[in-house]
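Values below: every heavy atom of this structure, side chains too, minus hydrogens, waters and symmetry copies. Index from 1, following the sequence. Since the structure is predicted, the reported quantities are computational estimates derived from the model, not experimental observations. As the structure lists them, so they are numbered: ligands from 1, and atoms in each ligand from 1.
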Amino acid sequence: MQYYTVMGGASPPDTSKTTKLERYNSYIRRVNSTKLLQASSKLLFRVTLLVALILIFFFTLNYPPLSSADNHHIHSTNHFLASAFYGSGAAWEKQVRHSATPRRPNGFSVLVTGAAGFVGSHCSLALKKRGDGVLGLDNFNSYYDPSLKRARQNLLSKHQIFVVEGDINDAELLNKLFDIVPFSHILHLAAQAGVRYAMQNPLSYVSSNVAGFVNLLEVAKSADPQPAIVWASSSSVYGLNTQVPFSEIDRTDQPASLYAATKKAGEEIAHTYNHIYGLSLTGLRFFTVYGPWGRPDMAYFFFTKDILQGKGINVYVTQEDKEVARDFTYIDDIVKGCVGALDTAEKSTGSGGKKRAPAQLRVYNLGNTAPVTVGKLVGILESLLSVKAKKHVIKMPRNGDVPFTHANVSLAYRDFGYKPTTDLAAGLRKFVKWYVSYYGIESRAKKEFHSSTNEHTDD
Ligand SMILES: O=C(O)[C@H]1O[C@H](OP(=O)(O)OP(=O)(O)OC[C@H]2O[C@@H](n3ccc(=O)[nH]c3=O)[C@H](O)[C@@H]2O)[C@H](O)[C@@H](O)[C@@H]1O
């Protein structure tokens, strides 16, 4: 090693200082880079933790950050993902259990599928109000505006009814729900509804009304105890039947639409599960149900919207220029019918997927027993809204519609006292009142509407 004196004439350049300085600098650089590394890994860890916490928060709340405009496909991918996460959340399980627990002695514990739908939300509220436990299930698909379904969900949650976001085709999710709750009943209202849409999207009917129903029955048959099941069939199963009024013994083997065919298939499938597994099954043939919180795809609903907006409406007549008519049935009457059917449903008889004894199998009409023409329906709306409709009378397109429905409800009356009490004018008044409070009203029609409703006594 060479040493140089600091003092002295022509001494060699003093490199000792520079070398030390370089060493010191490199030491500082090393220290700094280690510190930087430590700091950035700390930051990374915190960010990861934060993201994980946010994800857990959303999934356990059963409220994935989906926009209301999500389409069906995005939805179905998400719900499988979501159900996997929901199923593991203790908070989620607590919500499920709490919602499904009855608050009256011998109360039911009901799984309501399609709970964010029109009939589903009304029935859920009615059951909860009398002390039954209610757990909702709904896939919030975008067949019609999902924001209306979310609004119904909010209403239910105010009454301590929890709606699980999931699909009836998701067996894993259904099994999970049955693991948590020994449901005494299923009120199965989830379905692809609408007669004419079946020509646009036929497979959605097969997926919900056939595959989804079978999936639900598969889970129900294996559940212990097996629940009793009440489910929504449809007046459309009468199809081209010409016997009036329609009675449960009339033929139902001539469906006019794929929708009707899938509902009829449901009735046959119900027979099979009753026969093989001892499931107690009751099908309810609803006749054109209408009322507050209704479905925007139905004529009375979009007629109201279009009349208020000054748009034209199509009023169908038959190929022979006869008026078409429906046995329009008010929602409160339908709810009473559903509750009556649940109350008189006998227990399923199977266990462990095996039938032990014959079980109950029923089908009922739930209608109003008083058909009204579509022309008359429009007339009632015109007078309630005080706006003249721009009517285009056209021949009914050949899209699965039937010209006429009329229910004979004597069977439902005999077995659970079903007796509809709301006529179309009274029911539509309640609907219009709700519609205006929910959507507001176009200013042009507003003044006229208020002066007309002030003349009516409020319900
Ligand atoms: O009773 C039933 O089983 C069925 O009732 C309704 O089906 P629908 O009776 O066809 O109800 P809307 O679509 O509201 O039609 C009501 C009436 O208005 C008529 N209509 C419909 C649309 C239109 O633009 N113009 C028109 O005159 C139809 O021909 C029908 O006579 C529901 O949409 C089905 O889901 C349900 O299963």
Side-chain angles (χ1 to χ4, degrees), residues 114 117-120 143-144 189-201 204-205 208-209 231-239 241 245-246 252 255-267 283-291 294-307 311-319 321-331 333-334 337 363-381 389-407 409 420 424 427-428 431:
F118 172 35
V119 180
Y143 166 59
Y144 63 78
L189 303 170
Q192 177 59 61
V195 176
R196 290 166 287 280
Y197 180 66
M199 289 181 72
Q200 285 173 52
N201 191 357
S204 68
Y205 290 79
S208 294
N209 305 355
W231 68 282
S233 182
S234 157
S235 73
S236 63
V237 299
Y238 290 106
N241 173 46
F246 300 166
T252 51
S257 64
L258 182 69
Y259 168 68
T262 59
K263 284 294 180 180
K264 180 61 190 166
E267 293 187 357
L284 301 174
R285 293 175 179 165
F286 295 160
F287 282 68
T288 316
V289 190
Y290 72 99
R295 274 172 34 209
D297 63 314
M298 288 184 66
Y300 76 93
F301 198 117
F302 63 76
F303 281 176
T304 301
K305 181 172 181 237
D306 292 345
I307 291 171
K311 290 187 186 155
I313 57 169
N314 291 328
V315 175
Y316 296 158
V317 289
T318 66
Q319 304 304 315
D321 277 333
K322 284 196 186 132
E323 290 203 87
V324 300
R326 285 288 180 277
D327 197 1
F328 295 100
T329 311
Y330 189 63
I331 182 66
D333 290 323
I334 290 292
V363 169
Y364 295 103
N365 286 342
L366 292 185
N368 194 48
T369 70
V372 176
T373 63
V374 176
K376 180 92 196 312
L377 163 85
V378 174
I380 297 170
L381 287 176
K390 292 182 183 142
K391 281 185 276 185
H392 309 297
V393 178
I394 60 166
K395 286 208 193 316
M396 198 166 78
R398 292 183 195 278
N399 53 14
D401 239 333
V402 293
F404 183 79
T405 63
H406 182 183
V409 299
L424 186 60
L428 281 178
F431 165 72

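- For ligand 1 and Phe287, the ligand atoms under 4.0 Å from any heavy atom of the residue are 1 (O).
- Nearest-residue assignment for atom 36 (C) of ligand 1 (options Phe404, Tyr290, Phe286, Tyr259; heavy-atom criterion): Tyr259.
- At the top of the distance list for atom 26 (C) of ligand 1, counting protein heavy atoms only, stands Tyr316 CD1, 3.3 Å.
- Ligand 1 places these atoms under 4.0 Å from at least one heavy atom of Ala193: 35 (O).
- When non-hydrogen atoms are compared, ligand 1 lies under 4.0 Å from neither the backbone nor the side chain of Arg285.
- Counting the atoms of ligand 1 from 1 in the order shown, those under 4.0 Å from a heavy atom of Val324 are 31 (O).
- Taking only non-hydrogen atoms, the option from Thr329, Leu366, Asn314, Thr405 nearest to atom 24 (O) of ligand 1 is Asn314.
- Counting only N and O atoms by type, the side chains of Asp297 and Tyr143 include a donor and acceptor under 3.5 Å apart.
- The closest protein non-hydrogen atom to atom 3 (O) of ligand 1 is Ser234 OG, 2.6 Å.
- The single protein non-hydrogen atom nearest to atom 29 (O) of ligand 1 is Asp401 OD2, 2.9 Å, given as residue, atom name and distance.
- Note that NE2 of His406 is 9.0 Å distant from CZ of Phe246, once rounded to the nearest 0.5 Å.
- Salt bridge Glu323/Lys376: absent, no basic N to carboxylate O contact under 4.0 Å.
- Interface atoms of ligand 1 facing Thr288, defined by a heavy-atom separation under 4.0 Å, are 1 (O), 2 (C), 5 (O), 9 (O), 11 (O).
- Near Val315, with a cut-off below 4.0 Å to any heavy atom, the atoms of ligand 1 are 27 (O).
- The backbone N or O of Thr369 lies less than 3.5 Å from a partner atom in the side chain of Asp327, making a donor-acceptor pair.
- Ring geometry for Tyr259 versus Tyr205: interplanar angle over 60°, hence perpendicular rather than tilted (30 to 60°).
- Shortest contact from atom 2 (C) of ligand 1 to any protein heavy atom: Ser235 OG, 3.1 Å.
- Contact annotation: for Tyr197 versus ligand 1, there are no heavy atoms closer than 4.0 Å.
- If you look at Phe302 next to ligand 1, the close heavy atoms, those under 4.0 Å, all belong to the side chain.
- The distance between the ring centers of Tyr290 and Phe301 does not fall below 6.0 angstrom.
- Near Ser236, the atoms of ligand 1 lying under 4.0 angstrom from a non-hydrogen atom of the residue are 3 (O).
- Side-chain atoms of Lys263 never come within 3.5 Å of backbone atoms of Ala193 as a donor-acceptor pair (strictly under, hydrogens ignored).
- Of the options Ile313, Val372, Val374, the smallest heavy-atom separation from atom 19 (C) of ligand 1 is shown by Val374.
- Remark: ligand 1 and Ala325 share no N or O pair separated by less than 3.5 Å (distance only, no angle test).
- In this structure, the separation between CD1 on Ile307 and CD1 on Ile313 is 4.5 Å, given to the nearest 0.5 Å.
- Nearest protein heavy-atom contact of atom 32 (C) of ligand 1 is Arg295 NH2, 3.7 Å.
- Looking only at heavy atoms of the protein, atom 6 (C) of ligand 1 is closest to Met298 CE, 3.8 Å.
- Side-chain contact between Met298 and Phe118 is absent, with no heavy atoms from C-beta onward closer than 4.5 Å.
- Of the candidates Ala299, Ala260, Pro397, Ala299 brings a heavy atom nearest to atom 14 (O) of ligand 1.
- With a heavy-atom cut-off of 4.0 Å, Arg196 touches ligand 1 through its side chain alone.
- In this structure, Phe431 and Tyr300 have perpendicular ring planes: the angle between them is above 60°, well past the 30° mark.
- The side chain of Arg326, and not its backbone, has at least one atom closer than 4.0 Å to an atom of ligand 1 (non-hydrogen atoms only; side chain from C-beta on).
- The ligand atoms of ligand 1 that sit less than 4.0 angstrom from a heavy atom of Val195 are 7 (O), 10 (O).
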